[in-house]
Visitor: 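Submitted below is the structure of interest, expressed as structure tokens.
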There are 2 protein chains.
Amino acid sequence: MLSKKCKYAIHALVHMAKQPEEKFLIKDISEKCSIPKKFLEAILLDLNRAGILGSKQGKGGGYFLRRTPSEVNLAEVVRLFDGAIAAVPCATYKFYERCVECVDEEVCSVRDAFLQVRNATVEMLKANTLEDLIKKENKLRMRKKK
Amino acid sequence: MLSKKCKYAIHALVHMAKQPEEKFLIKDISEKCSIPKKFLEAILLDLNRAGILGSKQGKGGGYFLRRTPSEVNLAEVVRLFDGAIAAVPCATYKFYERCVECVDEEVCSVRDAFLQVRNATVEMLKANTLEDLIKKENKLRMRKKK
DNA sequence: TTTAAACTCTATTACATTTATAGAGATAGT
DNA sequence: ACTATCTCTATAAATGTAATAGAGTTTAAA
């Protein structure tokens, strides 16, 4: 399961990506997306440090997207907040850890199976950018009206 | 990430599926698979209650597979120990929960994206039975020798 | 019938992580 | 100066995970 932090981050980003030129206040995003304000502060700060968002302090300030919505994908956001995408630590590159219960990792079929799942998942998440998500939402809305 | 409980369960099952007719002692599985004995006790009990393993008490007793290795797949084991396979609670059937930050779920592209990931993952896990894992391990071992 | 070998069950502990909040600090526009 | 805004540190509360302890129950065999 994704952490709430990560899910909140994605929703906040999708919200912002609908008006990629705009500046957004923490307070407004918090209300529009039903995310606890103080919690959201920490989230936006992380996104800022990661280079996905930019910010301007002081009166008239706020947060804004530093990249176009097509340049931010779900894999990056999930990794930022929840770390490895793989279900087992021996099936990752950046977050690799050996499994104690594994006698010979090279020959471990459990690792192999979850590596397959991981690779497919990473591909799918990478293929879902903020732009894609907004397009998808519009399509779903069209379909619903009919 | 899978819980250790779940990962231990899978390794224990794969171990047992190599001799599907045998009876296994907790102590032996614990040693062979490097799983803390007391923890493994609880795991095997869960697998017993779920109908995957059977047990015989008393002297000469032990645990054994109640089904053939081709009839136990990873999706079932993961669900048993870790619940939903989906990354968000709104993208599951059995473990469904609404997301507070979601204004209109029918039109939520985040849910849609993770539903796609979930469905693909479930298919892959279902396609990996204990039998498959053992065959795979043999293949990996062959490949290594060359 | 006693003993020993097994699984069964309940309880509890220790630890880590997640979620959330409080409050003071820094910055910038008016 | 004043106010709106993001920034930062600390911490509390809740939850969940991993692991262990110890007593209970069942069965085979001496």
Visitor: Pick the closest DNA chain D nucleotide for Glu41(B) and for Asp82(B) by heavy atoms, then say which residue is nearer the 5' end.
Guide: Asp82(B)
Visitor: Is there a side-chain polar atom (N or O) of Tyr63(B) under 4.0 Å from OP1 or OP2 of dA6(C)?
Guide: no
Visitor: Categorize Lys56(B) for me: base, sugar-phosphate, or nothing, with a 4.0 angstrom heavy-atom threshold over every strand shown.
Guide: sugar-phosphate
Visitor: Leu2(B) CG to dG16(D) C1': how many Å, rounded?
Guide: 16 Å
Visitor: Check whether any side-chain nitrogen or oxygen of Asn48(B) sits under 4.0 Å from OP1 or OP2 of dT8(C), and answer yes or no.
Guide: yes
Visitor: Have a look at Lys5(B) and say if it touches a base, only the backbone sugar-phosphate, or nothing, with a 4.0 Å heavy-atom cut-off.
Guide: sugar-phosphate
Visitor: What is the distance, to the nearest angstrom, from the CD1 atom on Ile43(B) to the P atom on dC7(C)?
Guide: 14 Å
Visitor: In whole angstrom, give the distance that lies between atom CG of Leu45(A) and atom C1' of dA20(C).
Guide: 16 Å
Visitor: Among Lys139(A), Arg141(A), Lys135(A), which residue meets the side chain to side chain donor-acceptor pair (under 3.5 Å) test with Glu137(A)?
Guide: Arg141(A)
Visitor: Side-chain heavy atoms nearer than 4.5 Å, only ILVMFWY residues, links allowed to pass through others: does that put Phe24(B) and Leu45(B) together?
Guide: yes
Visitor: Applying a 4.0 Å non-hydrogen cut-off, can you work out what Phe81(B) is touching in the nucleic acid: base, sugar-phosphate, or nothing?
Guide: nothing
Visitor: What is the distance from CE of Met1(A) to P of dT15(D), rounded to the nearest Å?
Guide: 17 Å
Visitor: Decide yes or no on salt bridge (Lys or Arg N to Asp or Glu O under 4.0 Å) for Asp82(A) and Lys5(A), but give the supporting numbers first.
Guide: CA-CA 9 Å; Asp82(A) 291 359; Lys5(A) 203 167 181 176; over 6 Å; no
Visitor: Is the shortest side-chain heavy-atom distance between Phe114(B) and Leu2(A) below 4.5 Å?
Guide: yes
Visitor: Select from Gln57(A) and Leu40(A) the residue whose nearest nucleotide in DNA chain C is closer to the 5' end of that strand.
Guide: Leu40(A)
Visitor: Below 4.5 Å, heavy atoms only, C-beta onward: do Leu47(B) and Ile43(B) meet side chain to side chain?
Guide: yes
Visitor: So what does Leu44(A) touch, heavy atoms closer than 4.0 Å: a base, only the sugar-phosphate, or nothing?
Guide: nothing
Visitor: Taking only side-chain N and O atoms of Ser55(A), does any of them lie within less than 4.0 angstrom of OP1 or OP2 on dT5(D)?
Guide: no
Visitor: From NZ of Lys4(B) over to P of dA14(C), roughly how many Å is that when rounded to an integer?
Guide: 19 Å
Visitor: What integer distance in Å separates Phe24(B):CZ from dA5(C):C1'?
Guide: 18 Å
Visitor: Check the distance between dT7(D)'s C1' and Leu25(A)'s CG and give it to me in whole angstrom.
Guide: 15 Å
Visitor: Quick one: Asp46(A) CG to dC6(D) P, roughly how many Å, whole number?
Guide: 15 Å
Visitor: Tell me whether the OP1 or OP2 atom of dC8(D) has a side-chain N or O from Arg49(A) closer than 4.0 Å.
Guide: yes
Visitor: If you check every side-chain atom of Ile26(B), which of dC8(D), dA19(D), dT8(C) has the closest atom?
Guide: dT8(C)
Visitor: Between Phe39(A) and Lys59(A), just flag the one whose closest nucleotide in DNA chain C comes earlier from the 5' side.
Guide: Phe39(A)
Visitor: With ring centroids as reference points, do Phe39(A) and Tyr8(A) lie under 6.0 angstrom apart?
Guide: yes
Visitor: Across the strands shown, which category fits Lys38(A) at heavy-atom distances under 4.0 angstrom: base, sugar-phosphate, nothing?
Guide: base
